Protein chains: 2
Amino acid sequence: MSSNIRRSMPLFPIGIVMQLTELSARQIRYYEEHGLISPARTEGNRRLFSFNDVDRLLEIKELIEQGVNLAGIKQIFAARQPTTPPDEPVAEKVKKPDLTDEELRKLLRAELIQAGRFNRASLRQGDMARFFH
Amino acid sequence: MSSNIRRSMPLFPIGIVMQLTELSARQIRYYEEHGLISPARTEGNRRLFSFNDVDRLLEIKELIEQGVNLAGIKQIFAARQPTTPPDEPVAEKVKKPDLTDEELRKLLRAELIQAGRFNRASLRQGDMARFFH
DNA sequence: TTTTTGTGTAAGAAAATATAACATATTATT
DNA sequence: AATAATATGTTATATTTTCTTACACAAAAA
């Protein structure tokens, strides 16, 4: 549930993502240009990628290796994310608030510290353990 | 088990770690200078922090807030990590190989892709899901 | 009181990343 | 076949981020 927060938190610079995915910066930027990913930006305009973004890039890479072109990949992604059907509109009031990147990180920080209160002294386990199984 | 790999993989630049921990760059570097953390470096000498590193910084921060000085924190950490006692030496052959950062990332990549073969098409779940619960 | 500790701040250098433009091989289209 | 579109490489220049080093200083310790 709140792992969505973690999965979508902008954390990685493009250099790391290049290594993680073995894609070139050119490729990554090109895929963004065509709307396949939408990494966040720092104040200074540097891209920051989330786990979700990296995940997506790995999918893109595999599909491309299988001969799918960008248009195809776009369709595949679009089909996957079933946008709220027009006959079942979401009341504006109910929508989750959009958080800024900093707010997101603030939330994570809070979560980590909370977890720490439980684990650290007793279990001798680091906060970020929640990130793994 | 292999989550150790993920937990220790150098991923984050200092800017992100500052936000995650609410520590200043000065503080983070100072703690490194005093051996409390040992972030990896890029080829170009930029620090790269792992989940473990962030974890540790959060611990340091809490201890400092509780009035413990760096010497004390160092002791606490030292006591925690029981280095192989001198009378029970580890045969050089048995030691785990030291992996370079790039090898680490390569491993993760392989893991992610492997996971993908299972999940993606069928479960519609991203690779990085393995990072979360 | 003097020293040590922990942190702030500033300067200058180097690394990483940004955008834009041009090149080009491969694939589609006409 | 000729032409156009797609996907990526490469290069140039600008900007941001991080690095180290040095100096300052308040708070704590000696």
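FYI, side chains are in, hydrogens and waters are out, and symmetry mates aren't considered; it's all heavy atoms of this structure. Letters A, B, ... mirror the listed sequences (proteins, then strands); counts begin at 1. Predicted model, so just to flag it, every value in this text is computed and none were measured.
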What residues form a salt bridge (charged side-chain N to carboxylate O under 4.0 Å, His left out) with R29(B), not counting sequence neighbours?
none

S24(B): which residues meet the side chain to side chain contact (heavy atoms under 4.5 Å, CB included) condition with it, sequence neighbours left out?
R26(B), Q27(B)

Hey, can you tell me if F51(A) and F51(B) have their rings parallel, tilted or perpendicular (30° and 60° cut-offs)?
parallel

Each nucleotide in nucleotides 23-30 of chain C should get exactly one letter: B, S or -. Can you fill that in based on protein heavy atoms under 4.0 Å?
--------

Selection: residues 31-39 of chain B, any non-hydrogen atom under 4.0 Å of DNA chain C:
Y31(B)

Closest approach of P39(B) to D53(B) (non-hydrogen atoms, all atoms of both residues):
CA-OD2, 3.7 Å

Could you check whether any side-chain heavy atom of I60(A) comes within less than 4.5 Å of a side-chain heavy atom of V68(A), counting everything from C-beta outward?
no

Degree of bending in the helix from dT1(C)-dA30(D) to dT30(C)-dA1(D) once both end axes are built from five pairs, to 10°
30°

Please write out the pairs of protein N or O atoms and N or O atoms of nucleotides 28-30 of chain D separated by less than 3.5 Å, giving the distance to one decimal.
none

Main-chain N/O of L36(A) paired with R56(A) side-chain donor or acceptor, under 3.5 Å
yes

Apply the test side chain to side chain contact (heavy atoms under 4.5 Å, CB included) to residues D55(A) and R7(A): give CA-CA distance (whole Å), side-chain angles for both, the deciding distance (0.1 Å), then the verdict.
CA-CA 10 Å; D55(A) 213 358; R7(A) 286 183 55 79; 3.0 Å; yes

Under the side chain to side chain donor-acceptor pair (under 3.5 Å) test, residues paired with R47(B) that sit two or more places apart
E32(B)

So the ring pair (Phe, Tyr, Trp, His ring centres under 6.0 Å) pairs with at least one residue in residues 13-32 of chain B (sequence neighbours excluded) are Y30(B)-H34(B)

Measure from CD on Q27(A) to P on dT10(D) and round the result to the nearest Å.
11 Å

List for me each residue that meets side chain to side chain donor-acceptor pair (under 3.5 Å) alongside N69(B), sequence neighbours excluded, and say none if there are none.
none

Rounded off to whole Å, could you give me the CG-to-C1' distance for the L48(A) and dA18(C) pair?
13 Å

Under 3.5 Å: donor-acceptor pair, side chain of K61(A), backbone of T21(A)
yes

Do the side-chain N or O atoms of Y30(B) get closer than 4.0 angstrom to the phosphate oxygens (OP1, OP2) of dG6(C)?
yes

Could you encode protein contacts along nucleotides 12-18 of chain D as a string, one character per nucleotide from 5' to 3', using B for base contact, S for sugar-phosphate-only contact and - for no contact, with a heavy-atom cut-off of under 4.0 Å?
---BBBB

Looking at every non-hydrogen atom in both residues, tell me the closest pair between P13(B) and P13(A) and how far apart they are.
CD-CD, 3.6 Å

Measure the shortest side-chain to side-chain distance between I64(B) and I73(B) over non-hydrogen atoms and say whether it is less than 4.5 angstrom.
yes

